[in-house]
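Taking it in order: structure first as structure tokens, then the write-up.
Residue numbers begin at 1 in each chain, while the letters A, B, ... track the order of the sequences.
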2 protein chains.
Amino acid sequence: MKILIIEDEQDLLELILRYLKKEGYVCEVATTFMEGYKKINNYEYDCAIIDLNLPGGDGLKLVNILREDSTQTGILIISARDTLDDRITGLDIGADDYLTKPFNLSELNARIKAVMRRKTNQFSKELNFGDLIINLDEHKVTACGNTLQLTKKEYNILLYLARNKARVVTKDSIAEHLWGDYMDGAVSYDFIYAHVKNLRKKLADNGCGNFLKTIYGIGYKFQIN
Amino acid sequence: MKILIIEDEQDLLELILRYLKKEGYVCEVATTFMEGYKKINNYEYDCAIIDLNLPGGDGLKLVNILREDSTQTGILIISARDTLDDRITGLDIGADDYLTKPFNLSELNARIKAVMRRKTNQFSKELNFGDLIINLDEHKVTACGNTLQLTKKEYNILLYLARNKARVVTKDSIAEHLWGDYMDGAVSYDFIYAHVKNLRKKLADNGCGNFLKTIYGIGYKFQIN
DNA sequence: CTTCAATAATGAGGATTTTCATGTTACTAA
DNA sequence: TTAGTAACATGAAAATCCTCATTATTGAAG
């Protein structure tokens with residue numbers, strides 16, 4: 001479940017970010033119109049949370065871009081109450097739902113889930129890929145019936161890739177997701193290589209050898225054969 | 001706060017200039033590409049406001065120059081709306097934010113402040129507590145002149161406590177901050193005890209034995225002396 | 001003041017994570 | 001097609017982290 005948050009107020013952004021990450025979403029962030037524009041064009045998201053009032057451009061444009069292109073992405077608008085009224089009046093904004101500031105985070109979460117439920121019915125507590133099943137409640141992975149003994153890093157890498165199935169995930173993105181603030185610049189990807197190797201071995205030893213594909217020069221992709 | 005404004009339309013320039021001066025900024029002005037180029041090379045500015053459409057050269061070049069010199073100057077682009085779209089498409093212009101004409105001046109001011117806030121947060125250099133100095137850029141901790149060899153967890157615990165100096169920090173808060181999603185309920189604080197112990201030893205071995213105080217039943221507190 | 005229970009500190013061992021050196025594979029350009 | 005180079009894989013060693021058993025300390029109750 002990958003969410004793009006486009007919001008320029010740092011405080012609010014971090015609040016949302018921390019909350020959604022804790023809720024188990026994979027999040028990416030943009031703080032300007034342009035940044036949001038780029039991310040929308042480069043990746044696929046399950047849901048986009050867009051503040052209408054953005055530096056550098058109108059959030060509505062981003063909504064339109066999302067709608068015109070691949071319409072799989074759920075769209076949740078957030079906006080200050082006063083500016084919202086102007087905009088939605090007589091406007092088909094093309095979003096799936098909207099929230100006015102201020103809102104509380106559990107409300108946001110409820111809306112996201114509602115939007116996603118409408119989109120696809122893919123919000124179970126496990127990810128099932130046939131031979132490979134990831135149980136999110138118990139942090140347990142089953143390959144061809146066998147429970148895998150994964151370390152935390154291995155589990156988290158697998159989960160991150162699986163949640164972005166069929167999408168290419170960059171190494172930077174993996175690093176940021178798993179290590180967060182630790183790494184400032186000056187990066188080696190050796191530890192990713194190492195963990196992916198160990199992960200692949202454990203998968204392969206249990207008949208799930210083909211799930212993790214290397215994308216040369218970019219990163220990895222979780223693919224269902 | 002010193003700002004360079006590079007803009008060739010006299011009316012707009014004077015409008016901006018008068019407004020920003022009233023807001024308390026120190027301003028300098030350039031009206032051509034060459035003039036802007038020289039000023040950028042001769043002085044250091046906290047922020048540069050650059051019109052893309054300049055006589056004598058492309059404003060983007062100036063942006064690139066500023067970026068490549070790895071100056072810490074914040075960059076704010078202004079541009080006519082129609083020319084902007086061409087340029088941002090697939091272009092990493094390297095600016096911190098941009099505005100399209102026409103804009104109102106309080107909007108400009110807000111953007112400047114936002115850019116500067118992002119910059120200064122990003123480059124805050126060190127936390128100095130006398131004998132103990134935490135260098136954020138290099139992730140380096142110095143105690144009585146000696147560089148400590150801290151592990152990542154140790155560094156992060158120390159940093160977290162130091163940022164909350166004189167405040168009591170709960171163990172749950174520490175755990176959440178350092179381990180995030182990993183731990184769902186069912187918690188033991190043994191690893192915090194362990195890391196704090198090792199951290200204290202390293203501090204004490206270098207004459208900084210009294211910074212971390214245990215708050216029985218709650219957590220820890222970073223205190224000076 | 002003493003005892004008790006809960007909390008914290010400690011040391012050591014095992015598990016995990018990271019690094020390093022080296023081998024292999026995939027892309028690029030000629 | 002073939003070097004040449006950058007990216008990735010691999011195994012093993014080193015560093016770090018976590019767990020566990022034990023000991024010490026704290027605050028509260030008697």
Side-chain angles (χ1 to χ4, degrees), chain A residues 139 141 148-161 168-205 209-223, chain B residues 139-141 147-161 168-205 209-223:
Chain A
H139 281 214
V141 176
L148 297 188
Q149 196 68 25
L150 298 187
T151 70
K152 275 183 296 199
K153 289 273 190 266
E154 286 161 10
Y155 173 83
N156 279 289
I157 288 179
L158 179 61
L159 181 59
Y160 187 51
L161 292 171
V168 176
V169 178
T170 67
K171 281 167 292 180
D172 279 330
S173 160
I174 295 172
E176 199 208 319
H177 184 73
L178 266 81
W179 286 269
D181 24 348
Y182 285 171
M183 2 204 19
D184 296 326
V187 197
S188 144
Y189 297 119
D190 279 349
F191 46 81
I192 295 180
Y193 298 148
H195 288 304
V196 168
K197 188 206 70 173
N198 295 330
L199 182 52
R200 274 175 170 157
K201 174 146 183 21
K202 290 180 182 178
L203 289 170
D205 287 351
N210 283 14
F211 279 95
L212 305 187
K213 186 167 192 308
T214 302
I215 310 301
Y216 189 90
I218 312 282
Y220 296 90
K221 189 173 78 170
F222 184 97
Q223 60 180 8
Chain B
H139 280 213
K140 220 174 67 180
V141 176
T147 296
L148 298 187
Q149 197 66 25
L150 298 187
T151 70
K152 276 183 294 199
K153 289 276 189 266
E154 287 160 9
Y155 174 83
N156 278 287
I157 288 179
L158 179 62
L159 181 59
Y160 186 53
L161 292 172
V168 177
V169 178
T170 68
K171 280 167 291 182
D172 278 329
S173 160
I174 295 172
E176 198 208 323
H177 184 73
L178 267 81
W179 285 269
D181 20 350
Y182 284 169
M183 1 207 14
D184 297 326
V187 196
S188 143
Y189 297 120
D190 279 349
F191 47 83
I192 295 181
Y193 298 148
H195 287 304
V196 168
K197 188 205 71 173
N198 296 330
L199 181 53
R200 275 175 170 157
K201 175 146 186 14
K202 290 181 184 178
L203 290 169
D205 287 351
N210 284 8
F211 279 95
L212 305 186
K213 187 169 192 307
T214 302
I215 310 300
Y216 189 89
I218 313 283
Y220 297 90
K221 188 174 78 171
F222 183 96
Q223 60 182 6

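Rounded to whole Å, atom P of C:dG14 lies 17 Å from atom CD of A:Gln149. Spacing between atom NZ of B:Lys152 and atom P of C:dT16 amounts to 17 Å, rounded to whole angstrom units. Summarising the geometry, the separation between CG on B:Asp172 and P on C:dT7 is reported as 12 Å, rounded to the nearest angstrom. The NZ atom of A:Lys221 sits 16 Å away from the C1' atom of C:dA26 (whole-angstrom rounding). The distance between atom CD1 of B:Ile157 and atom P of C:dA8, rounded to the nearest whole Å, is 14 Å. For the pair A:Asn156 CG and D:dC17 P, the computed distance is 17 Å after rounding to whole Å. The nearest whole Å value for the distance from the CD1 atom in A:Ile192 to the P atom in C:dT19 is 11 Å. Here C:dT18 presents its C1' atom at 13 Å from CD of A:Glu154, a figure rounded to the nearest Å.
In this structure, A:Asn198 and A:Glu154 have side chains that are in contact, with non-hydrogen atoms separated by less than 4.5 Å. Side-chain contact check for A:Phe222 versus A:Leu158: some heavy-atom pair is nearer than 4.5 Å. Here the side chains of B:Val196 and B:Tyr193 are not in contact, with every heavy-atom distance at 4.5 Å or above.
B:Arg200 contributes no side-chain N or O that, together with a main-chain N or O of B:Gly209, makes up a donor-acceptor pair within less than 3.5 Å. Judged purely by atom type and a 3.5 angstrom limit, B:Thr214 has no side-chain atom pairing as donor or acceptor with the backbone of B:Tyr216. A donor-acceptor distance shorter than 3.5 angstrom exists from the side chain of B:Lys202 to the backbone of B:Gln149, with no hydrogens or angles considered.
Side-chain atoms of A:Thr170 and A:Tyr220 form no donor-acceptor pair, as typed in the model, at a separation below 3.5 Å.
Taking 4.0 angstrom as the limit, B:Lys153 places none of its side-chain polar atoms (N or O) nearer than this to OP1 or OP2 of C:dT17. Of the side-chain N and O atoms in A:Thr151, one or more sit less than 4.0 angstrom from OP1 or OP2 of C:dT17. A sub-4.0 Å separation between OP1 or OP2 of C:dT19 and a side-chain N or O of A:Ser188 is absent.
Taking each heavy atom of B:Leu178 and B:Lys153 in turn, the nearest pair found is CD2-O, 3.7 Å.
Between the axis at the start and the axis at the end of the helix from C:dC1-D:dG30 to C:dA30-D:dT1 there is an angle of 40°, using five pairs per end and rounding to 10 degrees.
Under the rule for a side-chain hydrogen bond (donor to acceptor under 3.5 Å, both in side chains), the partners of A:Asp205 that lie at least two apart in sequence or sit in another chain are A:Lys201.
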Between protein and nucleotides 8-13 of chain D, map the contacts as a letter string: B base, S sugar-phosphate only, - none, heavy atoms under 4.0 Å, written 5' to 3'. SSBB--

